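A quick write-up on the structure given underneath.
Keep in mind it's a predicted model, so treat the numbers as computed, not measured.
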There are 2 protein chains.
Amino acid sequence: MAKFYKEYDKHLVALDCIIFGFDEGELKLLLLKRKFEPAKGEWSLMGGFLKSDESLDEGARRVLHQLTGLSDIYMEQLHVFGELNRDPGERTISIAFYALIKVDENDRKLAETHGAHWVSVNQIPQLIFDHNQMVDKALRTLRSRTERKPIGFELLPEKFTLPQLQSLYEAINQEQLDKRNFRKRILETGLLEKLDEKEKGASKKGAYYYMFNKEKYLMYAEMGFHFQMKVKKSPLIKITT
Amino acid sequence: MAKFYKEYDKHLVALDCIIFGFDEGELKLLLLKRKFEPAKGEWSLMGGFLKSDESLDEGARRVLHQLTGLSDIYMEQLHVFGELNRDPGERTISIAFYALIKVDENDRKLAETHGAHWVSVNQIPQLIFDHNQMVDKALRTLRSRTERKPIGFELLPEKFTLPQLQSLYEAINQEQLDKRNFRKRILETGLLEKLDEKEKGASKKGAYYYMFNKEKYLMYAEMGFHFQMKVKKSPLIKITT
DNA sequence: TATGTAAGTGTTCAATATACACTTTATAGC
DNA sequence: GCTATAAAGTGTATATTGAACACTTACATA
């Protein structure tokens, strides 16, 4: 291939992956301790450098796989971070990707053997470079996404209960929702199909399992929809002086 | 500065600018004929290469200024395009930015002397590489943006009339809105301040000028809001066979 | 001064969102 | 096996918001 652009600067391009999972009623983030200098040993997102023979998506998937063993994760672009001194090692621009995944036992082990850890988004430690800023942006994007697209398919197991789904929404948006209104709204979208089976163990009564209707889910994910509810009024707390 | 990342590939990073303006009741896009190989002479977005000593935003502004003379334009990141063969010249990843601007006489001349042209978004020619795809994405982003953020500040002159504002919304979303409902909704946001002055010339009666309340505008731009209206029912068209 | 053209204005009805509390179910402990 | 407990499940009345719809006003120009 002829080279037309000889005279222009070339740049290191990093790919950083922000992976959210939902576990134990909490929204979690996958982090690891950086294995090379600079900032070796500090908490970091999964990151690596783009190669010349791979597209951005391929690169991001490769980086994630190398660092955690996770494969077949669909990630979306979040933002490009390109301040001059964001990486003290060398001028690097970083393309941040994010994904939502359901964490199964297998993934959990894979991640662990690679030294990755799931951390609650409420307890994110200090990360290297501008990675905290990236996580911030990803969280804000994720929150606004819940209002415009269905969510859950990527974060919950195939069968899940309505209380689980509600607690997912509550964990992402950090707010309490009214049970009746939540059910009514989510059911009337037609996204969910009720199964004839109950979850046992989590409660005495047991909650019915549901599944997503895949076609409807994809349709809404494509076209967008609207899902916003007022936060449940918290019971008044009397402040005594 | 110590170099830690010697062994990694480096890449050409392009910055492409998608500039929307509103003029004569139409949403327009700024294009120019590419001045260098490959694809010299074909229609293109304003693009150039990132330099090592500038941030992404700085680079995008520089490119836009060099190619059109426009300055002080605030652009937002749209997306990164990084398919392997998107640029036949050489492997290049491109960060696309977009902006909305109000086109004044001065800008118009500046752009013209630089060989740039304002083209209606309804008549976009074939562009080089993946630039049509970039414009597509920018348009979709712009449309969804009208539902979540106030718009107009960047596209209209300081003083504008309600019919102008409505026609901006209609041009962006390519739909007709009901005059009374539009006015009611936009006025009750508190975003607008009515002036004691009428626009003359555009109509016999003349429409009152309004300005944006800058604080409210910034507040809503930051927090987001909701502005969505059903499209006006088009009068029935009888199809005779 | 008559005519034409776009600006401006309110109300009714329908749909949707919110607030709110008791009943049901099954387990586990006695 | 009876009882206590803890979470799941369910419906309605009211308030709010959104949509549909047509005539009057102001001014310029002929």
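Each of A:Glu199 and B:Lys204 lies near DNA chain D, and the nucleotide nearest A:Glu199 is the one positioned closer to the 5' end. Closest-nucleotide positions on DNA chain C for A:Arg180 and A:Lys198 were compared, and the one nearer the 5' end corresponds to A:Arg180.
At least one cation-pi condition fails for A:Lys137 and A:Tyr98: the charged atom is not both under 6.0 angstrom from the six-membered ring centre and inside a 45 degree cone around its axis. The side-chain tip of A:Lys149 does not point at the ring of A:Phe227 from less than 6.0 angstrom away and within 45° of straight on.
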Is there a side-chain contact (heavy atoms from CB on, under 4.5 Å) between B:Leu15 and B:Leu64 once you walk through the steps? CA-CA 9 Å; B:Leu15 302 164; B:Leu64 183 62; over 6 Å; no
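With sequence neighbours left out, the salt bridge (Lys or Arg N to Asp or Glu O under 4.0 Å) criterion links A:Arg185 to no other residue.
Contacts of B:Lys179 with the nucleic acid, taken as non-hydrogen atoms under 4.0 Å apart, include base atoms.
Note on ring orientation: taking the six-membered ring where Trp is involved, the planes of A:Phe160 and A:Phe212 are tilted (angle from 30° to 60°).
Atoms CD (A:Gln228) and P (D:dT17) sit 13 Å apart, rounded to a whole Å.
Between A:Glu76 and A:Arg145 a salt bridge is recorded (basic side-chain N to carboxylate O distance below 4.0 Å).
Helix bend of the helix from C:dT1-D:dA30 to C:dC30-D:dG1: the angle between its two end axes, each built from five pairs, comes to 10° after rounding to 10°.
Donor-acceptor pairing under 3.5 Å, judged by distance alone, is absent between the side chain of B:Lys230 and the base of D:dG18. Judged by atom type and distance alone, B:Lys205 does not reach the base of D:dA26 through any side-chain donor-acceptor pair under 3.5 Å.
Of the residues in residues 181-194 of chain B, B:Asn181, B:Lys184 come within less than 4.0 Å of DNA chain D through at least one heavy atom, sorted by number.
Proximity of A:Lys200 to the phosphate of C:dT27: a side-chain N or O atom is located under 4.0 Å from OP1 or OP2.
Side chain of A:His131 to main chain of A:Leu45: a donor-acceptor pair is present (N/O by atom type, distance under 3.5 Å, no hydrogens or angles). A donor-acceptor pair is defined here as one N or O able to donate and one able to accept, closer than 3.5 Å; such a pair exists between the side chain of B:Asn132 and the backbone of B:Pro125.
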